[in-house]
Amino acid sequence: MKFLHNLLYSKRPSSATLLDIALVLAIVPHLFVAKFFMLVYLLIALVFIVKKQKNTLTPYIFMLVGLVVIMLNFFDDYNFSNLSRMSFFLSFLSTLLLYVVSLQKLTGVINIYLRISPILLMLLSFFFFDSITMLLYSIAVFFIYTLLYIWSRMDALFIDVLKKTSQLFLLSIPSVVIMFLAFPRISYDRADFGFKADNYAVSGYDGEMHVGAKEIRLSDKIIMEVSFEDTNISDDSLYFRGSTLSFIDTPEWKKSPSFTPKDTLQWRQDIIRYYITLYPHAQQWVYALDIPTMTPSHTILAGDYTLSTKKKVYKKQRYEIESSLLYKITTQDLEPYLEVNTTRNQQSKKVLNNRIPFNATQEEKLKSLVAFFQDQNLSYTLKPQNIDEQNFTDTFLFEGKNGYCVHFASAFATSARLLGIPSRVVTGYKPSKENMMNNYLLVRARDAHAWVELYIQERGWVRYDPTKYASQTLSASQVQTQIEDEKSILDTLNLYFMYIKYSIENWVLNYNHYKQLEILNNLLSDAIYLLKFALALLGIFALLFILFLNIQKSVSKDDISLEMQKLLRLLKKENIIKKDDETMEAFLQKAQKSSGISMKSISKYYHILKYSQNKKGY
């Protein structure tokens, strides 16, 4: 508390100190993106700056060392074409600014460049970070910058400057809101700017599905956030497609090394538009609702209607996607989807063939397959038992009879092939509408799922989720479910938090000219929207007008400072000027020597009236 009291009632520091504070605040974001050698260089330079050693050779030594450091930092990445890459150019520019600032500080000379460098560094940092954290930090920094500027112009205590800055900051809100809504937006391509993300995530799917006895533990890691234009979407439609796997390399399902899927979209219905914020997962998959019918920028739509990025995702990406919930997809070459090792899983093959007549139609085979899975009394568990990876389908269906989604999907797809029905496994995410608030859906790692697509004549590829055929849930999963139920309140609060966070990101960080046009269109076409908008602005202006009147009343509270300003102006005409870092006492002594007029009484009463707690009698 004593420290806080001393801070609030501290006098104005020198201009150099105020500038140093501004520089430190501006440099902090760049430390997170600076390369190793540059960080070492800045640390050593800081030691020399703090020691304030007066050596004329020091700046020149650091100039040469700094050039070597820059070469080391960018030697591997540099070529002439790289300068046209935004990420390289911005990183190079950031390093140069830090280099020049450190050299200028070592000289001890404050010039115009050093004065504007905090603003330049802060503006440049916006290109590296696009997060809520950076937004809040930027607001705080610009508040402090305003405070420092006002303090440099006022001979007042910190608490007085803090009050004044807060009032001015609040008064600026209407202007900021109007500029934010109306200022023209440049359509930067965010996915190619080389922004460094706040967070880093380890991989999700790697394009394969391993069918083994390993226990799985549910994770709350966030995979993506989804915002729908229409909230009327059923729970059964929330299948986010990641990859399709057709090649069986026991005990794994993989993409075929010699076959590229070439599906054909025959027709589509129930088009839905939505926005995905994909979190870093160090892979190229983009998870879209079955099935995506448009290709967002910087993505590739494969022949099996899965989306992937051109580069691995190491930062949050936002995509606008359109999917069709009803569709027909056909494939001409079905041979790769019928490949199965008949020497394995003999029991499954025998039982399935015995259940089905010799001349059964595909539809009859399909009904028999579904009925067989339902009759096997299979159990869903996160800790499977009695699994033979080399003879998986037999042990799963007739011995262990337990597993999670990958086991159900693999056994179902393999059984379909044993009956001559083309099949493939699809991996992705199947969240629940319980994780949905309004039009916002939160998808976590625990929503990872695997299902099957069967090729049905006249219908094309049809989705089947064999996990639904489980007749019971074993205790290991029930315990996990109980734990989740106990955390339901916390999960609900977290969902609210993520929804608010997403809304802020969506409206502030992702605000662009399309949203400007949307607001303008609503203002012109919707009278109620226009009325609400006008009333909101009037309310803000009314509150701030009241605040302005209060500020006006408090402007002349420090009468002694106002009177001293008159004296300073008179002495300035006599070429007696007070320096920024000069105390009032030292200045009055200087004025007395220069003018020959005694300033002792003025100095005495100024300090009594300005700082004394007992002012009675003066």
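Note that the numbering runs from 1 along the sequence shown for the chain.
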Exercise. With a 4.5 Å limit on heavy-atom distance, are the side chains of Lys365 and Leu454 in contact?
Worked result: no
Exercise. Pick one: which of Lys430, Arg463, Arg268 meets salt bridge (charged side-chain N to carboxylate O under 4.0 Å, His left out) with Asp290?
Worked result: Arg463
Exercise. Nearest heavy-atom pair of Arg446 and Asn435: which atoms, and what distance?
Worked result: NH2-OD1, 4.4 Å
For this session: Report yes or no: do Arg417 and Ser423 form a side-chain donor-acceptor pair below 3.5 Å?
Result: yes
Exercise. Minimum heavy-atom separation for Ile456 to Gln362, with atom names?
Worked result: CA-OE1, 3.4 Å
For this session: Might you point out which heavy atoms bring Leu326 and Asp270 nearest each other, and give the distance in Å?
Result: CD1-OD2, 3.4 Å
Problem set entry | Lys255/Asp304 under salt bridge (Lys or Arg N to Asp or Glu O under 4.0 Å): CA gap, chis, key distance, verdict | CA-CA 11 Å; Lys255 286 184 174 294; Asp304 56 355; 3.5 Å; yes
Problem set entry | Side chain proximity check, Ile233 to Leu289, heavy atoms < 4.5 angstrom | yes
Exercise. Under the 3.5 angstrom rule, does the side chain of Thr414 hit a backbone N or O of Ser410 as a donor-acceptor pair?
Worked result: yes
Seminar exercise, completed: Nearest heavy-atom contact between Ser323 and Tyr274 is OG-OH, 2.6 Å
Exercise. Is the side chain of Arg241 donor-acceptor paired with the backbone N or O of Gly428 at a distance under 3.5 Å, no angle test?
Worked result: no
Seminar exercise, completed: Heavy atoms of Thr306 and Ser243 approach each other most closely as CG2-CA, 4.0 Å
For this session: Indicate whether any N or O donor in one side chain lies under 3.5 Å from an N or O acceptor in the other, for Thr467 and Tyr380.
Result: no
For this session: Specify the closest pair of heavy atoms between Pro296 and Thr299, including all atoms of both residues, with the distance to one decimal.
Result: O-OG1, 2.5 Å
For this session: Decide if atom CD of Gln332 counts as having more than 12 heavy atoms of other residues, nucleotides or ligands within a radius under 6.0 Å.
Result: no
Exercise. Going by distance alone, is a donor N or O of one side chain under 3.5 Å from an acceptor N or O of the other, for Thr330 and Thr264?
Worked result: no
Exercise. Between Arg273 and Glu320, is there a side-chain N and carboxylate O pair less than 4.0 Å apart?
Worked result: yes
Exercise. Under the 3.5 angstrom rule, does the side chain of Ser368 hit a backbone N or O of Glu364 as a donor-acceptor pair?
Worked result: no
Problem set entry | No-hydrogen, no-angle side-chain donor-acceptor test under 3.5 Å, Tyr275 and Glu229 | yes
Exercise. Using the benzene-type ring in the case of Trp, are the ring centres of Phe412 and Phe373 under 6.0 Å apart?
Worked result: yes
Exercise. Is Glu252 reaching over with its side chain to a backbone N or O of Asp249, donor-acceptor style, under 3.5 angstrom?
Worked result: no
For this session: Verify whether the ring centers belonging to Phe392 and His407 lie closer than 6.0 Å.
Result: yes
Problem set entry | Crowding at CD1, Ile528 (>12 non-hydrogen neighbours, <6.0 Å) | no
For this session: Tell me, yes or no, whether the heavy-atom count around Glu458 atom CD, taken from other residues, nucleotides or ligands under 6.0 Å, exceeds 12.
Result: no
Exercise. Do the non-hydrogen side-chain atoms of Tyr455 and Ile421 ever get within less than 4.5 Å of each other?
Worked result: no
Exercise. Would you say the side-chain atoms of Thr381 pair up with the backbone N or O of Asn402, donor to acceptor, closer than 3.5 Å?
Worked result: no
Exercise. Looking only at atom types and distance, does a side-chain atom of Ser246 sit under 3.5 Å from a main-chain N or O of Arg424, one as donor and one as acceptor?
Worked result: no
Exercise. Looking only at side chains, do Trp461 and Thr331 share a donor and an acceptor under 3.5 Å apart?
Worked result: yes
Exercise. Quick one: which of Tyr469, Tyr429, Phe240, Tyr239 gives a ring pair (Phe, Tyr, Trp, His ring centres under 6.0 Å) with Trp451?
Worked result: Tyr239
